[in-house]
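Down below is the structure, laid out as structure tokens.
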Amino acid sequence: MLGVVVTEFLYRSYPDLPEGRLAKLRAAVVNSHSLADVARSLDLGSQIRLGKGELTTGGDDKSSILADAFEALLGAVLISCGRDDADTLVHHLFDPLVVQAAALGAGLDWKTSLQELAADADLGAPSYRVTESGPDHEKRFEAVAIVGNRAYPPGAGTSKKQAEQGAAKNAFTALADAASEGDA
């Protein structure tokens with residue numbers, strides 16, 4: 001239901017965008033990371049009943065648990081209040097995220113943007129070197145983007161994907177800045 005409401009909002013709000021761009025915007029908004037962020041904004045973690053072990057390891061702020069709890073909450077609203085009220089809730093919580101994502105441009109998906117920039121500059125496809133640290137319940141990842149045999153400043157995060165996106169952003173920014181300096 002969340003995907004349908006967001007897709008409809010995107011289609012109506014940005015009718016001139018190509019289908020591929022609309023799909024990227026939808027993916028940027030309808031994902032477990034966004035759901036967890038919305039759940040955090042609602043302080044949903046404090047309302048979830050968790051076992052002692054899960055509480056000890058910070059389960060009330062774990063993205064996967066928060067995303068699942070938010071989906072359950074949305075399902076409960078749909079069943080108990082109906083589609084119109086559930087749609088209203090989704091619009092209230094997610095329309096601002098859609099507008100934010102639409103304004104990101106290249107930042108919507110740094111890895112894709114970096115790949116396109118590297119291809120345009122004949123630098124070949126980017127690769128990523130990822131390292132991880134920390135205990136299993138609290139992993140941290142660091143990624144370095146390598147483009148044209150040059151390593152760029154690392155990105156970090158709580159997932160490999162997040163770290164790679166950060167590394168791609170750093171490389172994209174450096175390459176774009178170098179290209180604009182070359183044009184000046």
Side-chain angles (χ1 to χ4, degrees), residues 1-45 61-75 77-78 83 86-120 125-128 130 132 139-147 152-177 179:
M1 188 212 102
L2 172 64
V4 169
V5 174
V6 169
T7 300
E8 184 179 318
F9 178 73
L10 280 165
Y11 183 74
R12 291 180 192 274
S13 300
Y14 305 98
D16 297 330
L17 286 182
E19 182 182 343
R21 176 76 176 156
L22 290 172
K24 285 181 184 179
L25 284 170
R26 181 186 178 281
V29 174
V30 181
N31 61 55
S32 60
H33 181 73
S34 292
L35 284 129
D37 285 348
V38 169
R40 282 186 188 95
S41 76
L42 299 172
D43 192 29
L44 192 56
D61 193 46
K62 201 175 282 182
S63 291
S64 60
I65 292 173
L66 290 172
D68 289 347
F70 180 79
E71 284 184 302
L73 174 66
L74 190 54
V77 170
L78 177 64
R83 176 69 192 259
D87 283 5
T88 299
L89 178 62
V90 169
H91 283 297
H92 175 73
L93 296 171
F94 285 87
D95 288 1
L97 298 177
V98 171
V99 172
Q100 236 179 356
L104 284 176
L108 184 58
D109 179 3
W110 289 110
K111 287 180 71 173
T112 300
S113 297
L114 176 60
Q115 186 170 342
E116 291 168 355
L117 183 64
D120 289 345
S127 62
Y128 297 88
V130 180
E132 62 181 72
K139 283 277 186 225
R140 297 286 306 159
F141 295 85
E142 185 174 278
V144 173
I146 302 163
V147 183
Y152 290 87
T158 56
S159 70
K160 180 179 173 184
K161 181 179 178 181
Q162 192 178 52
E164 287 178 345
Q165 284 289 337
K169 176 183 179 182
N170 294 338
F172 179 93
T173 303
L175 285 167
D177 288 349

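The shown structure was predicted, so the numbers you read here are calculated from the model rather than taken from an experiment.
Residue pairs satisfying the side chain to side chain donor-acceptor pair (under 3.5 Å) criterion with at least one member in residues 91-103, sequence neighbours excluded, are listed as follows: His91-Asp95. Judged as a salt bridge (charged side-chain N to carboxylate O under 4.0 Å, His left out), the pairs with a partner in residues 9-20 (not counting sequence neighbours) are, in order, Glu8-Arg12.
Nearest heavy atom pair, residue Gly157 against residue Ala163, reads N-CB, 4.0 Å. Taking all atoms of both residues into account, the shortest heavy-atom contact from Pro154 to Asn170 is O-ND2, 2.8 Å. In terms of heavy atoms, Val4 sits closest to Arg83 at CG1-NH2, 3.8 Å. Closest approach of Leu74 to Ala86, counting heavy atoms only: CD1-O, 4.3 Å.
Taking CG from Asp87 and CZ from Phe9, the interatomic distance works out to 12.5 Å, rounded to the nearest 0.5 Å. The distance from the OH atom of Tyr152 to the OG1 atom of Thr173 is 11.0 Å, given to the nearest 0.5 Å. Here the CE-CD distance, from Met1 to Glu71, works out to 11.0 Å after rounding to the nearest 0.5 Å. A distance of 10.0 Å separates CZ of Phe141 from CD of Glu164, quoted to the nearest 0.5 Å.
You'll find the side chain of Leu93 reaches within 4.5 Å of the side chain of Phe70, heavy atoms only. By the 4.5 Å heavy-atom criterion applied to side chains, Leu114 and Tyr128 are counted as neighbours. Side-chain contact between Leu2 and Phe94: present, with at least one pair of heavy atoms (C-beta onward) separated by less than 4.5 Å. Residues Leu10 and Leu17 have side chains not in contact (no heavy-atom distance under 4.5 Å, counting atoms from C-beta outward). Counting heavy atoms from C-beta outward, Lys111 and Lys161 have side chains that stay 4.5 Å or more apart. Annotation: side chain of Arg26 is not in contact with side chain of Val98 (no heavy-atom distance under 4.5 Å). Taking 4.5 Å as the limit, every side-chain heavy atom of Glu142 sits out of range of all side-chain heavy atoms of Val130.
The salt bridge (charged side-chain N to carboxylate O under 4.0 Å, His left out) test applied to Lys139 returns Glu132, Asp136, not counting sequence neighbours. Qualifying side chain to side chain donor-acceptor pair (under 3.5 Å) partners for Thr112, counting only residues two or more places apart in sequence or in other chains: Asp109. With sequence neighbours excluded, no residue forms a side chain to side chain donor-acceptor pair (under 3.5 Å) with Ser13.
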Contacts table for residues 61-69: side-chain donor-acceptor under 3.5 angstrom, sequence neighbours left out:
from: Asp61; atom 1: OD1; to: Arg40; atom 2: NE; distance (Å): 2.7
from: Lys62; atom 1: NZ; to: Glu54; atom 2: OE2; distance (Å): 2.6
from: Ser63; atom 1: OG; to: Arg40; atom 2: NH2; distance (Å): 2.9

Would Leu97 and Val38 count as a side-chain contact (heavy atoms from CB on, under 4.5 Å) here? Give the steps.
CA-CA 10 Å; Leu97 298 177; Val38 169; 3.7 Å; yes
